[in-house]
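Convention: sequence-line order gives letters A, B, ...; per-chain numbering from 1.
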2 protein chains.
Amino acid sequence: MSYEFDQRIPVYLQVIALFKQRIATRELAPGQEIPSRRELAAQLGINPNTAQRAYKEMEEQQLITTERNVPSRITMDERIVEKIRSELLEAAVTEFIQSVQAIGAPLPEVVGKIEQAYANRGKQHA
Amino acid sequence: MSYEFDQRIPVYLQVIALFKQRIATRELAPGQEIPSRRELAAQLGINPNTAQRAYKEMEEQQLITTERNVPSRITMDERIVEKIRSELLEAAVTEFIQSVQAIGAPLPEVVGKIEQAYANRGKQHA
DNA sequence: CTTACTGTATTAAGTGAGTAATACACCTGT
DNA sequence: ACAGGTGTATTACTCACTTAATACAGTAAG
């Protein structure tokens, strides 16, 4: 189950990103239990402290809730879940626009490529 | 003229990205002289060695050419210029698709957001 | 009660990429 | 010849991130 992490990016940030994605897709449902720090560390092949750091930040961002001596859970707050989704989406759009604009590429050409790539990916996966 | 660099990302990589964009848009034309390492460093407020590292990698990627004791120049090879553009574009598309797919967002919603954001940005800038 | 998990905190050390400081060899114009 | 500009190379320093080793308090189940 160990993920392949990009060495250029801090692992704890990648862990957070991973959880955000799964929360956004409801793959991790609101209220659902998540692995303990030590367990996650074992699963991902990272140090428990790194897992702790990721969880701590997620807690601060209210992505997860933690009670005493009980496995942490995904937040029950639907608004936060939706917020995560919209933030991820907006970030993707913004970054994309910025990149495309920097190259000076025309919109039709770009949208065409997206639809094409999206269609291909869809076939391969689902 | 000093740029605002993202501290999370190595400066020399951001410098390279900057040049790639300008080359792709022909803002930096083939054969055009570019600032010396020290001059660029002064302009961007970075260390000359950082500029050197960026130039060195760009040289390896054949984005620029360097002769002895003469200011480096943008490559004359049009194919490379076009390659840069297509690579940047494809990278943007790929990354975008990946992000969107990870969230499980439907294509129409996404394309709509792009067109909307693109239109707004266009108004603000140009 | 004991055991074995939880989450949390502290401290330290290691690691590596990025950056910086410095020096060198070279060419050119004056 | 000299001064000032090239590109280049070598060597250190720096800092964030990661890992590590413990330690402690609390809950749950046996």
Q | Pairing residues for A:E39 by the salt bridge (Lys or Arg N to Asp or Glu O under 4.0 Å) criterion, not counting sequence neighbours | A | none
Q) Are any of the side-chain heavy atoms of B:L44 and B:T50 separated by less than 4.5 Å? A) no
I'd like a list of close polar pairs between nucleotides 11-17 of chain D and the protein, N/O only, cut-off under 3.5 Å.
none

(Q) Going by side-chain hydrogen bond (donor to acceptor under 3.5 Å, both in side chains), name the residues that satisfy it together with B:E59, two or more places apart in sequence or in a different chain. (A) B:T66
(Q) Just to verify, what does B:R8 make a side-chain hydrogen bond (donor to acceptor under 3.5 Å, both in side chains) with, not counting sequence neighbours? (A) none
Q.
Quick check on D:dT6: is either OP1 or OP2 less than 4.0 Å from any side-chain nitrogen or oxygen of B:S36?
A. yes
Q: Can you tell me which residue pairs pass the ring pair (Phe, Tyr, Trp, His ring centres under 6.0 Å) test with a partner in residues 31-88 of chain A, sequence neighbours excluded?
A: A:F19-A:Y55
Q) Taking atom C1' of D:dG4 as reference, at what distance in whole Å does atom CD of B:E39 sit? A) 14 Å
Q. When all nucleic acid strands are considered with a 4.0 Å heavy-atom cut-off, which category describes A:R38: base, sugar-phosphate, or nothing?
A. base
(Q) Taking salt bridge (charged side-chain N to carboxylate O under 4.0 Å, His left out) as the cut-off, I'd like each qualifying pair that reaches into residues 103-114 of chain A, sequence neighbours left out, listed once. (A) A:E109-B:R85
Q) Which letters describe nucleotides 25-30 of chain D, given B = protein heavy atom under 4.0 Å from base, S = only from sugar-phosphate, - = neither? A) BBS---
**Q.** Phosphate OP1/OP2 of D:dT8: any B:R37 side-chain N/O under 4.0 Å
**A.** yes
(Q) Just to verify, what does B:R26 make a salt bridge (Lys or Arg N to Asp or Glu O under 4.0 Å) with, not counting sequence neighbours? (A) B:E78
Q: Identify the 5'-most and 3'-most nucleotides of DNA chain C with at least one atom closer than 4.0 Å to a non-hydrogen atom of chain A.
A: C:dT6 to C:dT10
Q) How would you list, by chain and number, every residue that makes a side-chain contact (heavy atoms from CB on, under 4.5 Å) with A:E27, sequence neighbours excluded? A) A:R22, A:T25
Q. Who passes side-chain hydrogen bond (donor to acceptor under 3.5 Å, both in side chains) against A:Q52, sequence neighbours left out?
A. A:R37
Q.
Does anything in residues 81-116 of chain B form a ring pair (Phe, Tyr, Trp, His ring centres under 6.0 Å)? List the pairs, not counting sequence neighbours.
A. A:F96-B:F96
